[in-house]
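For reference, the structure is listed below as structure tokens.
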Amino acid sequence: MSAGTAIRSRGTIIKVPDATPGLLIVNGQQLAFTLEGRWRSPVAPAANMAVEVDLDDRGTVAGLSVVDAQQIAREKLEQFGGVAQQQGKVAAEMARQGVGALAARMGTAPMVAAVALWVAWFFLPLVVIEFFGASRSVTFWQILGLNTQDPFDQAGSHGLASLIGLLAIASPFARPFVNHPRANYLNAMPLAFVLAAVVWLLYKISSATGDVGASQEVGGIIRELVSLGSGGYVIIASAGFLAILAFRSRRP
């Protein structure tokens, strides 16, 4: 190393100079320093202060200056961002591997159908109800807790039927992990529940009207007021596809 060449490093003051030289840590080593001719900042040095250290060719302290607090904050933010980005990549890779492993066991098409079923179940409108100029769309999940006496009642409650429905739409994901000759029938559970839910809803309407003639009249009114939403089509298509897979796989 030629004379006059300086190396800049980051250090931390651990002792401020007084009657004896100060001490700082640079790259894991303790170095002594004095202020005269070396301290280049307008603020006084303090313990635990981060400093930029210029080292001469002999490894002794040639100059010191305080590291700007904003610079430290930016560096910590960049460091945190780098760690978060790296962890995000790791998490994404784990998720990708998990999805890939699940798709390998379920099959890509059944997994896509099962995921679409979940999305439609909770987020897409099953039906749209129009009543006296008011309109409300409800998902399948919401309609399971719907008050049949008042379709616009916002205080619906989910009970056993909703729990059975969740188990039904989870069944296709469980199928690859069930070692049983009839495990493929788990793919048919969503469609079976949807059909049962429709029958249950019609029964509730019939019970509310009290007689067959009134039930038919109410049914006609419902057909006029209720239209199938996008979620209904997705649920029918996804559940139907999974059910076809269930029974087709049982053919000799």
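Only this structure's heavy atoms are used, side chains among them; waters, hydrogens and symmetry mates stay out. Please read these numbers as outputs of a predicted model, since none were measured by experiment.
A 4.5 Å side-chain heavy-atom check between L166 and F193 finds every atom pair outside the cut-off. In this structure, the side chains of R10 and V67 come closer than 4.5 Å at one or more pairs of heavy atoms.
Clustering of Ile, Leu, Val, Met, Phe, Trp and Tyr side chains at separations under 4.5 Å places V178 together with L186, M189. Grouping Ile, Leu, Val, Met, Phe, Trp and Tyr by side-chain contacts under 4.5 Å, direct or through others, puts L23 with I14, I25. Members clustered with L167: none, using a 4.5 Å side-chain heavy-atom cutoff among hydrophobic residues.
For the residue pair T34 and P21, the shortest heavy atom distance occurs at CG2-CB, 4.2 Å. Here the shortest heavy-atom pairing between L191 and G240 reads CD2-CA, 4.3 Å. Among all heavy-atom pairs drawn from R248 and L245, the shortest one is NH2-CD2, 3.1 Å. Between A32 and V61 the shortest heavy-atom distance is O-CG2, 3.7 Å.
No donor-acceptor pair under 3.5 Å is formed between the side chain of Q29 and the backbone N or O of V26.
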Return a table of donor-acceptor pairs under 3.5 angstrom between the side chains of residues 101-128 and protein atoms on other chains or two or more places apart.
from, atom 1, to, atom 2, distance (Å)
R105, NH2, P176, O, 3.2
W118, NE1, I169, O, 2.9

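Residue pairs meeting the side chain to side chain donor-acceptor pair (under 3.5 Å) criterion with at least one member in residues 168-180, sequence neighbours excluded: R175-N184. Annotation: salt bridge (Lys or Arg N to Asp or Glu O under 4.0 Å) contacts involving residues 17-45, sequence neighbours excluded, comprise K15-D18, R40-D54.
To the nearest 0.5 Å, the span separating CD1 on I244 from CG on N187 amounts to 11.5 Å. Taking CD1 of I164 as the start and CG of L144 as the end, the distance is 10.0 Å to the nearest 0.5 Å. Remark: Q142 CD to S137 OG distance equals 7.0 Å, nearest 0.5 Å.
N48 meets the side chain to side chain donor-acceptor pair (under 3.5 Å) test with no other residue; sequence neighbours excluded. In this structure, the side-chain contact (heavy atoms from CB on, under 4.5 Å) partners of P17, at least two apart in sequence or on a different chain, are F33, L35. Contacts of A47 classified as side-chain contact (heavy atoms from CB on, under 4.5 Å), with partners at least two apart in sequence or in another chain: none. The side-chain contact (heavy atoms from CB on, under 4.5 Å) search around I236 returns L228, not counting sequence neighbours. Here V43 pairs with S41, V66 under the side-chain contact (heavy atoms from CB on, under 4.5 Å) rule; sequence neighbours left out.
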Worked check of side-chain contact (heavy atoms from CB on, under 4.5 Å) between L24 and Q30: CA-CA 6 Å; L24 53 82; Q30 286 191 11; over 6 Å; no
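A continuous path of Ile, Leu, Val, Met, Phe, Trp and Tyr side chains, each step under 4.5 Å between heavy atoms, connects V138 with Y233, placing both in one hydrophobic cluster.
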